[in-house]
Amino acid sequence: MNLLKKDIIFSDVDKLKGIGKKLSKYLKNKRIEKVKDILLNLPYSETDRSKIIDLNKLEVGKIQTIRVKVKKLNFPRIRNLPNKILCEDKNSNIEIVYFNSREGYLRKLFRVNEWVVISGKISFFNKKYQITNPDYVTSIDKEEYVKQIIPKYSLTKGINEKKYRIISEQVINNLPDINEWYESHFLKKNNFLNWKENIIALHKTKDSQNNLSKTYKRLVFDEILANLIVLSNNRKKIKRIKKNKSFKSAFCNEILKDLPFELTKSQKNVLEEINLDLKSNTRMFRIIQGDVGSGKTIVSLLAIANVVESKYQCALMSPTEILAKQHFNLAKKIFVNTKIKIEFLSGKTDIKKRKKIINDLEEGNINIIIGTHSLFQKKINFKNLGLAVIDEQHKFGVKQRSDLAIKGGDDCDVLLMSATPIPRTMMMSLYGDMDISKIKEKPKNRKKIITLSKPEKKINELWSFINKQINSDNQVFWVCPLIEESSFLDYSSAKKKFDIINKKFPNKVALIHGALDKIEKEKILNKFLKKEIFILVSTTVIEVGIDFPNANLIIIENANKFGLAQLHQLRGRVGRGQKQGVCILLFKEGLSKNAIKRIKILKESNDGFFIAEEDMRLRGFGDIIGYQQSGIKNFRFADPIIHQDLFLLAEKYIRGMSINVNDGKYSFLLKLFDKAEIINQNID
Ligand code: ADP
Ligand code: MG
C-alpha cells in the first residue's frame, strides 16, 4: 500500500477512501472530523479474534472465530423470519442467523460445501450454537484479516467495527514519516518513541489502556507541550507590544484613605505589582488569584482609579448581571466624592440607554464601564481603553483571553481575577501566558466560619436553630445534594426539600435550581439580597462571586457527594459580614475513613489553596467544581494528578527552548491538538 500524503493528516476525513457524506456525519458525532482525529481516537480495549475455535469448544457470550463448511442455506418465505445458514466443522455444527438481510448477498457469502471463516458473538438457542449477524464472514484465503487481535474503539450509530477498521487501518498502516520535533537525545532520555512509532503502538498494543505506559505518556507530554507553546506565544506577543501611556499611581491612596478598612498585606502587595505593570512599557497581562472573599474587587477598583486618573478609560466585566451590579454599586460608593463617571451595561440595558452609553464611551465621557460580556461586543468602541478587568475569569478560555488582549488595543492592560484554586503543577499549563498575583490572606475582621457535621437523621434538630437565625435577621442557604449530572434529578430533590422547609417557614423560602433560566435565577437571587425571603433552597447553581453579607448559615445536604474545594467555595458564601458564619454538613449514615479525613481538613483549614491541593490528593480531579470550568478539563489525555511529572517536565522543556513558532518545527504538533489557529491568529 502507498503511504498517505503528509497533508492528508490534516484534511477532512472524507478525503479518505470509502468515507462519504453520511459516514463523515456519523464520525463527526465522535469528534472525528479530520484524519488526525482518527489518530487521536484511541482504542479502549481489544477483541481477540485471533484463534480458530473448534465448534465443540465454543463459549457462549464470547466473541469467537470459527472455520466451518457451509452445509445448508435456509431462507424462509415468511416475512420477519430470519435467514439461517447451517455450518459444520469436524466436531459439531452451528447456525448463522441473519435478520434483515438480503438473500443475494448471503448466497454470495455462503456457498454450500465451501469453507468460510466467521467471527461473532456465540449464543445458544433451541439447543444449538448460533452466531447472529456475525461481524466478519470471509473465505479462507482472506482469513488472516479476521484472525487478529482487533482494537476496540468507542463507536457510534452508523459505524461498526468492520467499517471503522477500514478507515482507521487505512490511516494507521500508511502513516507518512514526519519530522520529529524532539531531539533524539530527549526522546531517549525520557524513554519516548518517535511520533509515528508511538501513535502506531497506541493503536496496536494495549498501551492506550494504560495511561502510564511510555507511549501514552509521550502523547500526554505532546498535549501539554502544545498547550504551553500556545500560552508562551500568547505571552510573547503581548509582551512584545510597547505601551505608550503615562501613568500616575498616587490617586488610589486618596481613595484608600476613605475606605472603612485597611488593605491586607497581600492586597497591598498585589496592588503594588499591578501598579508596576501599569507603569512599565510592556502590557500587563496579570491574574489575581485569591480565595472567595479575599478582597480582589477592591484591589482592581484601586488599580482602576489610577488608570482613570491617568486619563484612560477602564472596563470591568463579570460573568453575571448580579455580580456586575454589585461591582457597579461598590464602585459608585468608592468613587462617590470624585468626578469619575461610571456606567453600567448589560444585556438588559434598554436600547436608548445603550445607545447613549455606546456613544459616551466613544466620546470618552465615561471613565469606567462595568457590566457583563456585553462590554466586549463588536459595537462597543472605547476612546482610549487603558485597562480591562475580568472577574471570575475561569468562565473564559485561552481563545477569549487572547481575543480580549487584541481587542483592547496596544495601550490596554489586562487584569483577570479568579477564585478557582489551581494546583501548583497546573499553573503554567493554564496561566502560562500571564503573570500571577496571589492574595494569600483574608481580611482581618473576617471570622472563621464554624464548620459542623451532623448525621442526616438528626435533621429535626436544625429547625429551631434556623428559626433562631431568622429571628435575629440572618439568612440561610440550604444546598441540596448533587445527585448526578442531571439538572432534572437535582431539581427534584431540591424541590422536595423546598416543600418540606416551606411548610415549616411559610413565605420565607425560595427555590433556585439549574433548570431555571438566567433571568429567573437573578430575580430570585435579588429577592434574597433584598431580604424578601430568608431561606434559599438550591442546587449548586449559586454564583460564587456574589456577596450576600447577610447570609450566615449554610446547610449542605449529602455533603460527602461534594469535593472539598467545592464545599469550601459553598461555605464561602456565608459569614461575609460582621456576624459569625456557620456551615453545617449533613451526612448519611456511616462515613468512610476518607470522608472523616476530609471533614477534618475542612474544619481545620480556611485556605482554599491548601484545601484544593488536599482535595486533589484525596480524590482526584474529576468532580471538583471550579476545576470543571477552569480549563483543566480541556486536556484530553493529560491528567493533572497522574501525570504531574510530565507537567513539570513540559514546563522545564519550554523554559529551556527558544521556540520560534514560525519555524514550523512544532507546527505539526500544534495542528494535531487544534492549537494552530490560536497561534496563527496571534501572529501579526
Ligand atoms: P472576592 O475576592 O471574593 O472577590 P470581594 O472583593 O467581593 O472578594 O470582597 C469581599 C468583601 O470583603 C467585600 O465586602 C469587601 O468590601 C470586603 N473587603 C475587601 N478587602 C477588605 C479588607 N482589607 N478588610 C476588610 N474588608 C475587606
Ligand atoms: Mg469576586
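By convention here, the first residue in the shown sequence is residue 1. Side chains are part of it too, since the values below use all heavy atoms of this structure and drop only hydrogens, waters and symmetry mates. Every number for a ligand or one of its atoms is a count from 1 in the order of the listing.
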cation_pi(K239, F285) dist<6.0 Å, angle<=45: no
Any side-chain to backbone donor/acceptor pair from K603 onto L452? Under 3.5 Å, distance only. no
Measuring from the heavy atoms of E262, does anything fall under 4.0 Å of ligand 1? yes
On a heavy-atom basis, I'd like to know which of A419, G293, S300 is closest to atom 10 (C) of ligand 1. G293
Determine, considering heavy atoms only, which of T297, I288, I439, D391 sits nearest to atom 4 (O) of ligand 1. T297
Candidates F505, F534, W463 - the one meeting ring pair (Phe, Tyr, Trp, His ring centres under 6.0 Å) with W478: W463
Candidates K442, M417, K296; heavy atom nearest atom 1 (P) of ligand 1 found on K296
Working to the nearest 0.5 angstrom, can you tell me the gap between E362 CD and N381 CG? 5.0 Å
What I want to know is whether G295 and ligand 1 share at least one N or O pair that is separated by under 3.5 angstrom. yes
For D291, state whether at least one heavy atom is located under 4.0 Å from any atom of ligand 1. yes
Would you verify whether the NZ or CZ of K440 falls within 45 degrees of the ring axis of F609 while also being under 6.0 Å from that six-membered ring's centre? no
Polar side-chain atom of S605 near backbone of L602 as donor-acceptor pair, under 3.5 Å: no
Numbering the atoms of ligand 1 from 1, which are under 4.0 Å from a heavy atom of T264? 23 (N)
